[in-house]
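When a residue number appears, it is its place in the shown sequence, counting from 1.
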Amino acid sequence: QDPSIGLNRRVVDRIVSFAMVRASEFGTDHAAEFVWDCFNKINPSSLNDKICGAVIHGLATGRRTDDARVLFERIKNGEFAPAIANPGIGCYDGLMAASINSREWDRVLEIYQELVNDKSKPTPTTTTFRACMRATSELYGANACLQVVDDAIERGVKFDHDAFTISSEFVLNDRSLVVVRANDGSASTAIDETRQRLRERSEEDEEVRNPCLDLIIALRVAQTEDERKPSTPAAAKAIATRQHEAWLTVLKSLASLARALNAKQQDKPAQRVQEQRI
């Protein structure tokens, strides 16, 4: 309670995490109020992007969108420098969450474009990517989400298993093909189960067999690369490069499968009309 002492970074981080985990029990309004109260007691020298991002996200979750935006602007204007001179990706992700909660989809996309177009801004995360996909889906539909994936591939955005599952959620018209989370919580198990579903689909449906097989192979390569353990810093850098290339191939294969499924779905009405004429 003593403002001259403040709260240290580790304690604040735990408080924020606890409040948001317990939000479902206490209610999001109460959790946001608690987080905001704690934030105002923090010694400014203890701040970092993770804490500020969590507080912004907590305020957004508690429907205190205006407070979330004001805090972001305070950080952006250097009020808490030098502890945090500029908003990091945690703050940007929190700001996007505030815009999602207020259903300002255009604003979500503006923030995403600001991050990907300005190299001085922090690197987007899978959380950022999910927010962009959600906003694009709400405004323009699944085909536009495919264009977002294409654009991210062209830009060389860093992908991983999470980005793959997020993309599949928004671009595939048959979401049952991808296992987002396995029962044991393992990404490797989820990939194995996804590959099995794709294999079954390829055997049942000749029209999408090739894109299914391409994605099966690409996922296996990415899975293998993710399982590599570096022995030196140089090896870690080389493995990271191969992982990046492997997941880019996965996303390209996913986009091809999505287009094949869309084409098949579009052909069905025309086929029914032709059968009726006959």
Exercise for review: Before accepting this row, confirm whether a basic side-chain N of the pair E169/R130 lies closer than 4.0 Å to the acidic partner's carboxylate O.
Suggested key: yes
Practice item. Please check if the side chain of S102 supplies one atom and the backbone of S99 the other of a donor-acceptor pair under 3.5 Å. Key: yes
Point to revise | Pair Y112 + Y92: ring centers closer than 6.0 Å | key: no
Tell me yes or no: between the side chains of [X] and [Y], is some donor less than 3.5 Å from an acceptor?
| X | Y | result |
| --- | --- | --- |
| N117 | R155 | yes |
| Q243 | D160 | no |
| T128 | T125 | yes |

Practice item. Run the numbers on E73 and R69 for salt bridge (charged side-chain N to carboxylate O under 4.0 Å, His left out), then give the verdict. Key: CA-CA 6 Å; E73 289 301 320; R69 288 173 176 159; over 6 Å; no
Study note, to complete from the structure: Applied to residues 233-242, the salt bridge (Lys or Arg N to Asp or Glu O under 4.0 Å) test, sequence neighbours excluded, yields E225-R242
Check your understanding: Which pairs with one or both residues in residues 211-220 pass salt bridge (Lys or Arg N to Asp or Glu O under 4.0 Å), sequence neighbours excluded?
Key -> none
Point to revise | Listed partners of R74 passing salt bridge (charged side-chain N to carboxylate O under 4.0 Å, His left out), at least two apart | key: E79
Revision key, fill the gap. Closest heavy-atom pair, V149 versus V171, reported as atoms and distance to 0.1 Å, is CG2-CG1, 4.2 Å
Practice item. Could you tell me whether N183 atom CG has more than 12 heavy atoms of other residues or ligands within 6.0 Å of it? Key: no
Study note, to complete from the structure: To the nearest 0.5 Å, atom CG of L198 lies from atom CG of L257 at 6.5 Å
